[in-house]
> 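The following block contains the structure, expressed as structure tokens.
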2 protein chains.
Amino acid sequence: MRRDIFQAIADPTRRAIITIIALQAMTPNAIAENFNTSRQAVSKHLRILTECDIVKQEQQGREIYYTLDIEKMKEIDIWLDQFRQIWETRFNQLDDVLSKLKNEKNEK
Amino acid sequence: MRRDIFQAIADPTRRAIITIIALQAMTPNAIAENFNTSRQAVSKHLRILTECDIVKQEQQGREIYYTLDIEKMKEIDIWLDQFRQIWETRFNQLDDVLSKLKNEKNEK
DNA sequence: TATATGCGCAACTAATTGGTTTCACAAATT
DNA sequence: AATTTGTGAAACCAATTAGTTGCGCATATA
């Protein structure tokens, strides 16, 4: 089974869970109450997120609090870098076009 | 079937295809030659990427050139914004700690 | 005109997914 | 001590996935 950050964020329910536990630690029950899913379904997603190694858990009595390991999100950011380079290149090209137009105007 | 950008980048083969056609337009055959996959497998991935609406195609005779619609990648970037806010907050908190330490030093 | 090439697509397969129902167990509450 | 609550996990299911093989069709080449 593929267990990486891209697999983790592929499912919309999982993305919602990620968004919630990014801000505060939460129990599976509390997460399930936040949107239309059963506790068990949330539990399964949390298991997958754990296997993807992007959540931390802390036991308090019989409750287990899950939080997102936010730093792990940077891996996606890093993958996006390759496009950012192109975005910037295009921007620079647009910049070139603009300065050319400016020069042509000045030369008149 | 879920057909969004997150589904598009969930598969590693698809991520490789995305990376290749981000830089230059390519035919399915040419893409397949670049890594260990059959032409048909690539074709199926291109179909999914098309359904996810992140590729453009241009027919030239019997060849079809596929390119990435790079702008669509920004959707991922936008989703990451929520974490970027937290990253920055943490950075600012670290900043606060540092300036406090500095002040304490000065007070001695 | 006959053959080779590039492609999409349908049919099939094994594996994976996302969900449910049911259970067991530990911790809290009565 | 009995009951309720919070949880993980197993068994099951329908749907989806990622790949293969084989086909048909249009375009290029001989």
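Only heavy atoms go into these numbers, but all of them, side chains included; no hydrogens, no water, no symmetry mates. Lettering of chains follows the sequences in order, A, B, ..., and the numbering in each one begins at 1.
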> Can you tell me if A:S38 touches the phosphate of C:dG19, counting only side-chain N or O atoms and a distance under 4.0 Å to OP1 or OP2?
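For A:S38, the contact criterion (side-chain N or O under 4.0 Å from OP1 or OP2 of C:dG19) is not met.
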
> Nearest whole angstrom, please: distance from the C1' of D:dA18 to the CG of B:N36.
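The answer, rounded to whole Å, is 16 Å.
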
> With heavy-atom distances below 4.5 Å as the criterion, would you say the side chains of A:V42 and A:Y66 are in contact?
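Side chain of A:V42 against side chain of A:Y66, heavy atoms only: no contact under 4.5 Å found.
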
> Calculate the interatomic distance between A:F35 atom CZ and C:dG18 atom P; express it in whole Å.
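That distance rounds to 14 Å.
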
> Could you go step by step and tell me if A:I9 and A:R14 meet the side chain to side chain contact (heavy atoms under 4.5 Å, CB included) rule?
CA-CA 6 Å; A:I9 65 166; A:R14 224 139 51 213; over 6 Å; no

> Can you tell me if the side-chain N/O atoms of A:T13 get under 4.0 Å from OP1 or OP2 in C:dG18?
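So the side-chain polar atoms of A:T13 never come under 4.0 Å of the phosphate oxygens OP1 or OP2 of C:dG18.
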
> At under 4.0 Å, does any side-chain N or O of A:R47 touch on OP1 or OP2 of D:dA9?
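Yes, within the criterion.
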
> Closer than 4.0 Å, any side-chain N/O of A:N29 to the OP1 or OP2 of D:dT7?
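Indeed, a polar side-chain atom of A:N29 lies that close.
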
> If you assign each of A:Q60 and A:R2 to its closest nucleotide in DNA chain C, which residue comes earlier from the 5' end?
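It is A:R2, whose closest nucleotide lies nearer the 5' terminus.
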
> Tell me: CD of B:E63 to P of C:dT5, nearest whole Å?
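To the nearest whole Å, that distance equals 13 Å.
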
> Need one value for B:T37: base, sugar-phosphate or nothing, where a base atom within 4.0 Å counts as base even if backbone is also close, heavy atoms only.
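B:T37: no heavy atom of the nucleic acid under 4.0 Å.
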
> Could you check whether the side chain of A:K44 and the base of C:dG19 have a donor-acceptor pair of N or O atoms closer than 3.5 Å, going by distance alone?
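Indeed, a donor on one side and an acceptor on the other fall under 3.5 Å apart.
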
> Just how far, in rounded Å, is C1' of D:dC25 from CZ of B:R39?
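It is 12 Å, rounded to the nearest whole Å.
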
> Ignoring the backbone of A:D11, work out which of D:dT7, C:dG18, C:dT16 is nearest its side chain.
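Of all the options, the side chain of A:D11 is nearest to C:dG18.
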
> Report yes or no: does A:E71 contribute a side-chain atom to a donor-acceptor pair with the main-chain N or O of A:M73 at less than 3.5 Å?
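No, the answer is negative, given that no donor and acceptor are paired below the 3.5 Å cut-off.
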
> Whole-Å distance between C:dT16 C1' and B:Q7 CD?
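It is 12 Å, rounded to the nearest whole Å.
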
> Applying the side-chain contact (heavy atoms from CB on, under 4.5 Å) test to B:E75, which of B:I54, B:I5, B:L80 qualifies?
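With B:E75 as partner, B:I54, B:I5, B:L80 yield a single side-chain contact (heavy atoms from CB on, under 4.5 Å), made by B:I5.
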
> May I ask you to verify if any side-chain N or O of B:H45 is less than 4.0 angstrom from the OP1 or OP2 atom of D:dT17?
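No, because none of the side-chain N or O atoms of B:H45 sits under 4.0 Å from OP1 or OP2 of D:dT17.
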
> For the pair B:Q82 (side chain) and B:R84 (backbone), establish whether a donor and an acceptor sit closer than 3.5 Å, ignoring hydrogens and angles.
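Side chain of B:Q82 to backbone of B:R84, a donor-acceptor pair under 3.5 Å: no, none is there.
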
> I need the CZ-C1' distance between A:R62 and C:dC25, as an integer number of Å.
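My rounded result for the distance is 12 Å.
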
> Quiz question: going by heavy-atom distance under 3.5 Å, is there a donor-acceptor pair between the base of C:dG18 and the side chain of A:R14?
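Check fails, no donor-acceptor contact within cut-off.
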
> Within the pair B:S43 and C:dG8, is there a side-chain N or O less than 4.0 Å away from OP1 or OP2?
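Indeed, a polar side-chain atom of B:S43 lies that close.
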
> May I have the distance from A:Q59 (atom CD) to D:dT7 (atom P), rounded to whole angstrom?
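One finds 9 Å between P of D:dT7 and CD of A:Q59, rounded.
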
> On DNA chain C, compare the nucleotides closest to A:A41 and B:Y66; which residue's is nearer the 5' end?
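Its nucleotide being nearer the 5' end, the pick is B:Y66.
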
> Can you tell me how far P of C:dA27 sits from CD1 of A:I64, to the nearest Å?
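Going from CD1 in A:I64 over to P in C:dA27 covers 11 Å.
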
